[in-house]
Amino acid sequence: MKPFIYRPINRPRTIRLLKIFPGDLGEPIKVLIRHACIDDSDLPEFSALSYTWGSSELSHSIECRDSEISITASLHAALHAVRYTDAFRVVWADGVCINQTDNVEKASQVCMMKDIYRRADEVTVYLGETQGGEDLAIQLLGRIYDLAKELREEKYTEEQRNAKVLLPVYQANWPPDPRQYGLPPFNSPYWEALEKFLLRPWFTRVWIVQEFALADAPLLTCGNGRAVLPYWYFGWLEYNLRCLGLYNQFLVTSETDDIREALQKSLYCMNRLSALRACRESGKLPTMMSLLGRGIGPAATDARDHVFGYLGIAEDCDAPELQPDYTKSVEDVFVDCCKYSVQTLQKLDFLYEAGCYQKNHRLPSWVPDWTTCRITATLGRNDSVENKPAYDSTRDMPPVAHFDWGGNYKALVVRGSILSKVATLGSSLFQNHQSVWLPDNPEASNWYGQTVMFASVTRPGGVESHIRSLIVDNGIAPLGREPLGLDHYRAFALSFKYHKSLLPERAVSMAELFGTLVARACYRRRFCITTDGLLGQVPIETQKGDGICLLSGTRVPFVVRSVGSHGGDEQHYQLVGECYIDGLMYGEGLNLPGFSFQDITLV
């Protein structure tokens, strides 16, 4: 059978639709392809298909008249699952309805995807082949959802529920046991099935941002389509587990750090997507740079889709600088986003995600690699419970920046000031299992003792500085209570001296809460002492002698590293990353004797 040849799309706002002939499981898939204008009133009813691309190898085929269309194994399985046995079905699936070999067409179609998912009569999410245990996972998800909903309505005020920063409801025994709520124990097949279900790759795909957030009521299926899940079971699962006090324990029971981290990514991604659905329903969409900064979905077959995949849900999706162009390299796409932020938005917020961490692509240090996933917000994007910036190191000064393209470098020149250098570095404890406090970690006691020693020799030093640095001064007040403070800190300190069985239940609960914030704050960071005696936390890539600087128009200090002049007179710096320095977070550095701004060239 001859290969299928795509007919060019010449009419504006036109898409291809796939009409699938009825057939039983295992029979060849036969289809017809037609063109249709997305704006026509007589647009046929169709289902938009969301699935995981997986391998890009075109190992399977479907029949279209006297031709065959080569497709991936994952799309072939998805089409089998959604095909009716007794009637035609019309679907839209990007892997076959877009000519993937035509970059111009692909860019044009990507711009319409938000309208495709809005106009679709149904969005069908195919999660993958049946793995066993789906029924158990769905039952457990439904029970968790119902329990959390009941407890929120019973125990919390509306203001507390909206804040989504909740203490566990049940604290009589700690850590919580799911059997307290009538749920099966963690070692039961139910939780194992849920873990396996959450590890499906669909949950961390970049394209689900549009597919899930734009659909009115996405239908989640797996296998042959018989296992159907209400989307709200997944949407706030992380939030619901935290509400019940079961989040940490669920992750801790995972066999390996890799599994634990993968579960966190899935839970985080779904939580963020539900928040985006709420934004879309309220008419308040985030900007593209905000979406990129939150790092919702880490998986995409084409790295450029880490930008293009967010267009449908971005407030500024029509900005000329952001339009899809698959003729550009990954570096050019990412750099252009940063240029758009500086030149159009006049913001430097992308620097909070940038640095010299290991990147998947060759990028300047000031350009984030958006192919990596950040499970929690960075310091610079960290907001207080009132949704105001948590820090203000340059007191709302406007950014002053421009670009300098050299022969062998791309530089961002920012007005800033290098205030001090890193004199002493501590060890790093939290490189995995972010936001999960594991008090039995044998290295934890040594790490904590080191932080106490650092606090004792710095200024202003003392307990208050140690508390602020441990949680990067972000002790927001859950449930309207007093902010985390001395009592939580003391309980946390006692957890290193005594086994939890010897501590009062309330002390164990307070240590767990404080420890969770510590783990989140210290993830991939290490304590440091600066040359002027300040205590802080810096990226784990930091080296002794690196500079601590303020950059005009940003909220937090940064670590920079001198890398020479690249043949010119001006010193160049590599951006190591954002940092927390106690005593520089709220504009104190601007009052230092002799303070002044100068050009800092980042490469």
Side-chain angles (χ1 to χ4, degrees), residues 287-293 303-304 306-308 310-311 314 316-357 359-372 378 380-381 393-394 396-418 539 546-547 549-578 596-603:
T287 65
M288 170 63 80
M289 299 310 293
S290 175
L291 286 166
L292 291 173
R304 292 166 292 192
H306 283 273
V307 173
F308 302 151
Y310 291 136
L311 278 173
D316 47 357
C317 61
D318 295 325
E321 300 92 333
L322 299 178
Q323 297 314 296
D325 185 350
Y326 286 94
T327 65
K328 291 182 179 179
S329 67
V330 175
E331 178 186 3
D332 287 342
V333 170
F334 288 10
V335 168
D336 285 350
C337 284
C338 296
K339 291 173 66 177
Y340 166 72
S341 183
V342 173
Q343 296 172 344
T344 303
L345 304 180
Q346 297 186 330
K347 291 185 177 182
L348 295 172
D349 291 1
F350 60 88
L351 292 179
Y352 305 136
E353 291 88 45
C356 65
Y357 52 84
K359 299 181 179 182
N360 298 325
H361 304 277
R362 291 178 60 87
L363 297 166
S365 66
W366 50 271
V367 178
D369 185 349
W370 285 302
T371 65
T372 61
T378 55
R381 294 187 186 275
S393 60
T394 59
D396 289 327
M397 296 183 68
V400 180
H402 66 273
F403 297 97
D404 177 17
W405 264 216
N408 60 347
Y409 65 87
K410 293 181 178 179
L412 172 66
V413 184
V414 187
R415 296 292 286 175
S417 180
I418 299 178
D546 287 346
C549 76
L550 299 182
L551 300 177
S552 177
T554 61
R555 300 177 181 178
V556 298
F558 291 85
V559 178
V560 295
R561 180 175 303 148
S562 175
V563 291
S565 59
H566 286 81
D569 297 329
E570 194 168 348
Q571 184 70 28
H572 289 182
Y573 294 90
Q574 188 178 57
L575 185 69
V576 178
E578 61 172 8
S596 64
F597 277 129
Q598 61 186 19
D599 282 348
I600 295 180
T601 302
L602 303 174
V603 294

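Below, each value reflects all heavy atoms present in this structure, side chains not excepted, and no hydrogens, waters or symmetry copies. All values reported here derive from a predicted model rather than from experimental measurement.
- Between M288 and D316, the shortest heavy-atom distance links the atoms N-OD1, 2.9 Å.
- Taking CG of D325 as the start and CD of Q323 as the end, the distance is 10.0 Å to the nearest 0.5 Å.
- Between P399 and V414, every side-chain heavy-atom pair lies at or beyond the 4.5 Å cut-off.
- In this structure the side chain of P557 reaches within 4.5 angstrom of the side chain of L550, judged on heavy atoms.
- A distance of 5.5 Å separates OH of Y352 from CZ of R555, quoted to the nearest 0.5 Å.
- For D332, the salt bridge (charged side-chain N to carboxylate O under 4.0 Å, His left out) partners are K410, not counting sequence neighbours.
- Atom OG of S552 sits about 8.0 Å away from atom CG of L348, to the nearest 0.5 Å.
- No side-chain donor-acceptor contact under 3.5 Å links S365 to the backbone of Q574.
- The minimum heavy-atom distance between V576 and P539, with the atom names listed, is O-CG, 4.1 Å.
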Run the numbers on L322 and C317 for side-chain contact (heavy atoms from CB on, under 4.5 Å), then give the verdict.
-> CA-CA 7 Å; L322 299 178; C317 61; over 6 Å; no

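- In this structure, H306 contributes its side chain and W370 its backbone to a donor-acceptor pair below 3.5 Å.
- Contact of the E353 side chain with the R381 side chain is registered, since non-hydrogen atoms from C-beta on lie closer than 4.5 Å.
- The aromatic rings of H361 and F334 sit perpendicular, their planes meeting at an angle over 60°, well past the 30° parallel limit.
- Side-chain atoms of E578 and L351, non-hydrogen and from C-beta on, never get closer than 4.5 Å to each other.
- Applying the salt bridge (charged side-chain N to carboxylate O under 4.0 Å, His left out) test to pairs two or more places apart or on separate chains, none has a residue in residues 343-352.
- With S417 contributing its side chain and S596 its backbone, the two residues share a donor-acceptor pair below 3.5 Å.
- For F597, the ring-ring contact (aromatic ring centres under 6.0 Å, His included) partners are F595, not counting sequence neighbours.
- Nearest approach of I418 to G547, heavy atoms of both residues: CG2-CA, 4.2 Å.
- A donor atom on one side chain and an acceptor atom on the other are not found under 3.5 Å apart for Q571 and S565.
- Taking 4.5 Å as the limit, every side-chain heavy atom of H572 sits out of range of all side-chain heavy atoms of S562.
- By the 6.0 Å and 45° rule, K339 does not stack over the aromatic ring of W366.
- Under a 3.5 Å cut-off, the side chain of Y357 and the backbone N or O of D369 do form a donor-acceptor pair.
- Looking at P324 and L311, their side chains come closer than 4.5 Å, going by heavy atoms from C-beta outward.
- Within the 4.5 Å cutoff, no side-chain heavy atoms of D546 are placed close to those of V560.
- K328 is linked by a salt bridge (charged side-chain N to carboxylate O under 4.0 Å, His left out) to D336, counting only residues two or more places apart in sequence or in another chain.
- For Y340, the ring-ring contact (aromatic ring centres under 6.0 Å, His included) criterion is met by no residue, not counting sequence neighbours.
- Atoms CG and CG, from D404 and L602 in turn, are 11.5 Å apart once rounded to the nearest 0.5 Å.
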CA sep, side-chain torsions, deciding dist, call: C549, L551, side-chain contact (heavy atoms from CB on, under 4.5 Å) = CA-CA 7 Å; C549 76; L551 300 177; 3.9 Å; yes

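- Contact check for P368 versus L292: no side-chain heavy atoms found under the 4.5 Å cut-off.
- Applying the side chain to side chain donor-acceptor pair (under 3.5 Å) criterion to T287, with sequence neighbours excluded, gives no partner residue.
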